[in-house]
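Computed over heavy atoms, backbone and side chain alike; hydrogens, waters and symmetry mates excluded. All values reported here derive from a predicted model rather than from experimental measurement.
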Amino acid sequence: MRLSRYFLPILRETPKEADIVSHRLMLRAGMMRQEAAGIYAFLPLGLRVLNKVCRIVREEQDRSGAIEMLMPTIQSADLWRESGRYDDYGKEMLRIKDRHERDMLYGPTNEEMITEIFRSYVRSYKDLPLNLYHIQWKFRDEVRPRFGLMRGREFLMKDAYSFDLDQAGAEHSYNKMFVAYLRTFARLGLKAIPMVAETGPIGGNLSHEFIILASTGESEVYCHRDYLDFAVPGDDVDFDNGPALQQIVSKWTSLYAATSEKHDATAFGALPQDKQVSARGIEVGHIFYFGTKYSAPMKAVVAGPDGAEHPVHMGSYGIGPSRLVAALIEAFHDDAGIKWPETVAPFKVALLNLKQGAADTDAACEKLYAALQARGIEVLYHDLDERPGSKFATADLIGVPWQILVGPKGLAAGQVELKRRSDGMREALSPDDAVVRLS
RNA sequence: CGGGGCAUAGCGCAGCCUGGUAGCGCAUCUGCUUUGGGAGCAGAGGGUCGCAGGUUCAAAUCCUGCUGCCCCGACCA
């Protein structure tokens, strides 16, 4: 992409409403624009990152056996009256009336709808297990939206819903998501630690929040240091192998880890001093087993091997891709701007022509640009007539992992400079070598 | 929902106290010079001062009401 033909509204100064670093940098880097409190438009650069996050989420959901679909944002109130949540949900739910005065709502989540879909088609235990997910915008009318995308009212969510004949099957489904989440966050470059979460009326220990550690996190979290070095399951993990999955989950839940609400100071204090990690965290995922909470009242039942009808055991599993974009920035930034992990970076490399309009640098850049594109490398070519300092600042701000600096001095020696954004490493090499290095 | 604050050009701000032709920096546009860490000079364009009432000869400025947004708390993915 040539910057001269792109839409990248960089802000040189920080908008005053942005207080936390991810909000500030997203606005400055031209990734998004606030349209109302807690409601944002994704601009091209922001959308590229959001889509990359979604792609990884999707790939890992698919790998675990979950099946993608897409449910609407607007739902009928009748559905929610069936589960009893229409009255319970309170003012967080955005209620709407259509032209016929029918009660509608902008979905804050989809348990009711997916249960309705499930019950109208599935009759037999032989069709189980089933895990359906979608990635769709949600709306929760928070009293106080804040922190930019981190606590917006409208947000993108991947929500999966599992259906099993009994609790044992549901636990296997739960473990699949657990492992898929470990892999998802690892691929995003994040260290996410599963922490015991509130389970509500169901009880048990089948609810975990996945928390990443970031100094700007919203809540206080406590965990055993060894979690930071645990190996994440590889892409060869067999999701149908129940015992193997259970082993992984057991390992990842064996040590102390809790958010402040569930914190047990005594248990934490019993850990060796050097193993105690107390930090701030951001919740990026939440998985939940809730049994027959919706299937029973909504009559989502299947015939079991015994010939009798059983309400299905369900679980739901959420990841917030839009929040993840912000969380990634909280985790990866410095004073100059964002430092994207390669897997989610909007572009892999920024090509900076340090003397736009000069025959040699122009020619070298065009050649590099073509060579990078030919290899399928996502490149943003900064071809505007700006001074070098301004181009450096822009490239650092938007956080593209690599920069190729093409200037007259280096070019005279047949060299360009390759700079790594994450640690500032620089290396002088020939243009051809630079392309090879990035391939 | 309780407490605090803000609203003046695209962004950041001054002006308001003490009413009298709306300013500064950055950004934008034109020209020239410049080109390895947000360039210099010269010129130009851009604002019903959040909205609605009121006071006054005269309101960005004083008064009343409303709206929007931000921060702290309670709540939440």
* **Residue A/Pro388, side-chain atoms from C-beta onward, closest of B/rU35, B/rC13, B/rC1** => B/rU35
* Selected nucleotide, minimal atom distance to A/Arg426 side chain, candidates B/rC1, B/rC70, B/rG37 -> B/rG37
* Any A/Arg387 side-chain N or O less than 4.0 Å from OP1/OP2 of B/rG36 -> no
* To do: Scan A/Arg28 against the nucleic acid and name what it touches under 4.0 Å (heavy atoms): base, sugar-phosphate only, or nothing.
  => base
* Asked: Among B/rC72, B/rG12, B/rC69, which nucleotide sits nearest the side chain of A/Ala37?
  -> B/rC69
* Asked: If you check every side-chain atom of A/Glu13, which of B/rU35, B/rC75, B/rC11 has the closest atom?
  -> B/rC11
* Do any side-chain nitrogens or oxygens of A/Lys91 fall under 4.0 Å of OP1 or OP2 in B/rC1? -> yes
* Output yes when at least one side-chain N/O atom of A/Arg144 is less than 4.0 Å from OP1 or OP2 of B/rC72, else no. => yes
* Asked: Is A/Gly318 touching bases, backbone alone, or none of the nucleic acid, heavy atoms closer than 4.0 Å?
  -> nothing
* **Options B/rG36, B/rC71, B/rC69, nucleotide nearest the side-chain atoms of A/Lys409** => B/rG36
* Asked: Reckon A/Lys391 touches a base, only the sugar-phosphate, or nothing at all at heavy-atom distances under 4.0 Å?
  -> nothing
* Looking at A/Gln34, does any N or O in its side chain come under 4.0 Å of the phosphate oxygens OP1/OP2 on B/rG68? -> no
* Asked: Taking 4.0 angstrom as the limit, do A/Glu59 and A/Arg187 come out as a salt bridge?
  -> yes
